[in-house]
Amino acid sequence: MPIPEDVTGEEIDKDVRQELQSMPKGLADDVAKNLVMVARLIDEDPEQAYGYAKVALRLASRVAAVREAAGFAAYANQKYSEALAEFRTARRMTGNVELWPVMADCERGLGRPEKALEMAGAPEVNKLDKASQVEMRLVAAGARRDMGQLDAAIVTLQSPELASNTVQPWTARLRYAYADALLAAGREDEAREWFAKAIESDKDGSTDASDRLAELDGVEFVDALQADDDAPEQPADEETQAPAAAEAPERDED
C-alpha cells in the first residue's frame, strides 16, 4: 500500500522503534511507516488502517507492537475474533496486562458478555493503572447491559471516579456511560443531570453528550443548507416581476 512522502517512520513511539531495532534497518523503516499509517487512519478510515496493519504484520509478525496494532485495527473494523487473537499474542509476548479491557470488550463483541464479566473480576484488573481500571468498569457495565441487567450496569458505574469532581481523561466517557445507562432504565431526570455533567468535563468533544441532552430537552437541529433548499421561494418585488409578466404569454381563463 502506498505511503505518503511525509511519513518517515520516525513518528512512532520510541518504545516501538526500539522493538524494531532487532530487524534490518530497511525492513524496520518499512514496518514503522506502516504503523504510522495505522495510527493516522484508524479513527477516520479504519478499513484502510486495517490494510496497513496487515502489511506490517506480514513484515514483522514477531514484534509485539505490530501484533497490538493489528489487533486495534481489527477491533476498529469489528473483527473481534481476529482482534482478540492478536491481543492475546501481544500479551504473551510482553506479559503486560494493559490490553485486558479491550480483550474483554472483544468478548462482548463476540456475544460473550459473561466472559467479559469474568475478566472484569480477574486478578489482572488489580494490575491495571487507573485509566485502564475505569475502562474495565465501562466494559463490565456494557456487558451487564448486553445481558439486560440495566440496574446492575448502573451500580457497576457508581464509583469514586464517577463521584470525583476532578476531571480526568476518562471522566467525560464515564459520566456519559452513566447517563446513558440511567436513560435506558427510564430515569430521564437523572440522565439529563449526568449528560450535563459529561458536557462539563468533555473538553475535546469525545462524546455527543450535548446532542443527547438537547434531544432530551426537545431541541431539534436543522441543517442550514437543507433548510435553505426547503424554504419556499419568496415573491419578487413589483420591479422584478414586471418584465416576467410582460414576457409571459396570455392564457385563457378556465
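Please read these numbers as outputs of a predicted model, since none were measured by experiment.
A salt bridge is absent between Asp202 and Arg173: the closest approach of a Lys/Arg side-chain nitrogen to an acidic carboxylate oxygen does not fall below 4.0 angstrom. Ion pair Glu10/Arg17 flagged as a salt bridge, since at least one NZ, NE, NH1 or NH2 atom sits closer than 4.0 Å to an Asp/Glu carboxylate oxygen. Using a 4.0 Å cut-off between a side-chain N of Lys or Arg and a carboxylate O of Asp or Glu, Glu124 and Arg91 qualify as a salt bridge. Salt bridge status for Lys25 with Asp29: present, with a side-chain N to carboxylate O gap under 4.0 Å. Between Glu190 and Lys197 no salt bridge is recorded (no basic side-chain N to carboxylate O distance below 4.0 Å).
When hydrophobic clusters are built by joining Ile, Leu, Val, Met, Phe, Trp and Tyr residues whose side-chain heavy atoms come closer than 4.5 Å, directly or via intermediates, Val97 is grouped together with Leu84. Two different hydrophobic clusters hold Leu128 and Leu138 under the rule that ILVMFWY side chains link at heavy-atom gaps under 4.5 Å. Under the 4.5 Å side-chain contact rule for hydrophobic residues, Met23 and Val55 share a cluster. Under the 4.5 Å side-chain heavy-atom criterion for ILVMFWY residues, a single connected hydrophobic cluster contains both Leu162 and Ile154. Put simply, Phe72 and Val139 are part of the same group of oily side chains (I, L, V, M, F, W, Y) that touch within less than 4.5 Å, one to the next.
Separation of atoms CZ (Arg192) and CZ (Arg187) is listed at 14.5 Å; rounding is to 0.5 Å. A distance of 8.5 Å separates CZ in Arg88 from CZ in Arg92, rounded to the nearest 0.5 Å. Between atom CZ of residue Arg112 and atom CG of residue Asp146 there is a gap of 13.0 Å, rounded to the nearest 0.5 Å. We find the CZ-CG distance between Phe195 and Leu213 to be 8.0 Å, quoted to the nearest 0.5 Å. Here Leu59 contributes atom CG and Leu27 contributes atom CG; the two are 5.5 Å apart, rounded to the nearest 0.5 Å. Rounding to the nearest 0.5 angstrom, the gap separating the CD atom in Glu107 from the CD atom in Glu114 is 10.5 Å.
Checking side-chain atoms of Thr94 against main-chain N and O of Ala90 turns up a donor-acceptor pair under 3.5 Å. For the pair Glu98 (side chain) and Ser132 (backbone), a donor-acceptor distance under 3.5 Å is absent. Checking side-chain atoms of Asp208 against main-chain N and O of Asp211 turns up no donor-acceptor pair under 3.5 Å. In this structure, Glu11 contributes its side chain and Gly9 its backbone to a donor-acceptor pair below 3.5 Å. Between the Trp194 side chain and the Tyr176 main chain, no donor and acceptor come within less than 3.5 Å of each other. A side-chain donor-acceptor contact under 3.5 Å links Asn77 to the backbone of Pro46.
Under the side chain to side chain donor-acceptor pair (under 3.5 Å) criterion, Asp15 pairs with no residue, sequence neighbours left out.
For the pair Ala152 and Arg144, the tightest heavy-atom approach, listed with the atom from each and the gap, is CB-CD, 3.8 Å. Across every non-hydrogen atom of Ala184 and Arg145, the tightest pair is CB-NH2, 3.3 Å. Shortest non-hydrogen contact noted between Cys106 and Ala83 is SG-CB, 3.9 Å. Considering all non-hydrogen atoms of both residues, Arg108 and Ala116 come closest at CG-CB, 3.8 Å. Scanning all heavy atoms of the two residues, the minimum distance from Leu57 to Ala70 falls at CD2-CB, 4.2 Å. Closest heavy-atom contact between Ala191 and Ala179: CB-O, 3.4 Å.
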> After noting the C-alpha distance and the side-chain angles of Val38 and Tyr50, does the key distance pass the side chain to side chain contact (heavy atoms under 4.5 Å, CB included) rule?
Replying inline: CA-CA 7 Å; Val38 174; Tyr50 178 76; over 6 Å; no
> Does the pair Asp13 and Val16 meet the rule for a side chain to side chain contact (heavy atoms under 4.5 Å, CB included), with working shown?
Replying inline: CA-CA 5 Å; Asp13 186 87; Val16 178; 4.1 Å; yes
>> Between Glu135 and Trp170, does the side chain to side chain contact (heavy atoms under 4.5 Å, CB included) criterion hold? Intermediate values first, please.
In response: CA-CA 8 Å; Glu135 195 66 35; Trp170 60 77; over 6 Å; no
> Yes or no on salt bridge (charged side-chain N to carboxylate O under 4.0 Å, His left out) for Asp180 and Arg212, after CA distance, side-chain angles and deciding distance?
Replying inline: CA-CA 9 Å; Asp180 194 43; Arg212 298 293 300 278; 2.9 Å; yes
> Would Ser61 and Val66 satisfy side chain to side chain contact (heavy atoms under 4.5 Å, CB included), going step by step from the backbone distance to the final call?
Replying inline: CA-CA 7 Å; Ser61 61; Val66 172; over 6 Å; no
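Using a 3.5 Å distance cut-off with no hydrogens or angles, the side chains of Asp105 and Tyr75 do pair a donor with an acceptor. Side chains of Tyr52 and Arg40: no donor on one and acceptor on the other come within 3.5 Å. Under the 3.5 Å distance criterion, with hydrogens and angles disregarded, a donor-acceptor pair is assigned to the side chains of Tyr178 and Gln158. Side-chain N/O atoms of Glu161 and Ser159 include a donor and acceptor closer than 3.5 Å.
For Asp217, the CG atom is densely surrounded, since the number of other residues' heavy atoms within 6.0 Å is greater than 12.
Sorted by first and then second residue, the salt bridge (charged side-chain N to carboxylate O under 4.0 Å, His left out) pairs involving residues 63-84 (not counting sequence neighbours) are Lys54-Glu82, Arg67-Glu86.
Taking a 4.5 Å side-chain heavy-atom cut-off between Ile, Leu, Val, Met, Phe, Trp and Tyr, the cluster of Leu117 extends to Met147.
Counting only heavy atoms from C-beta outward, the side chains of Pro4 and Met37 approach each other to under 4.5 Å.
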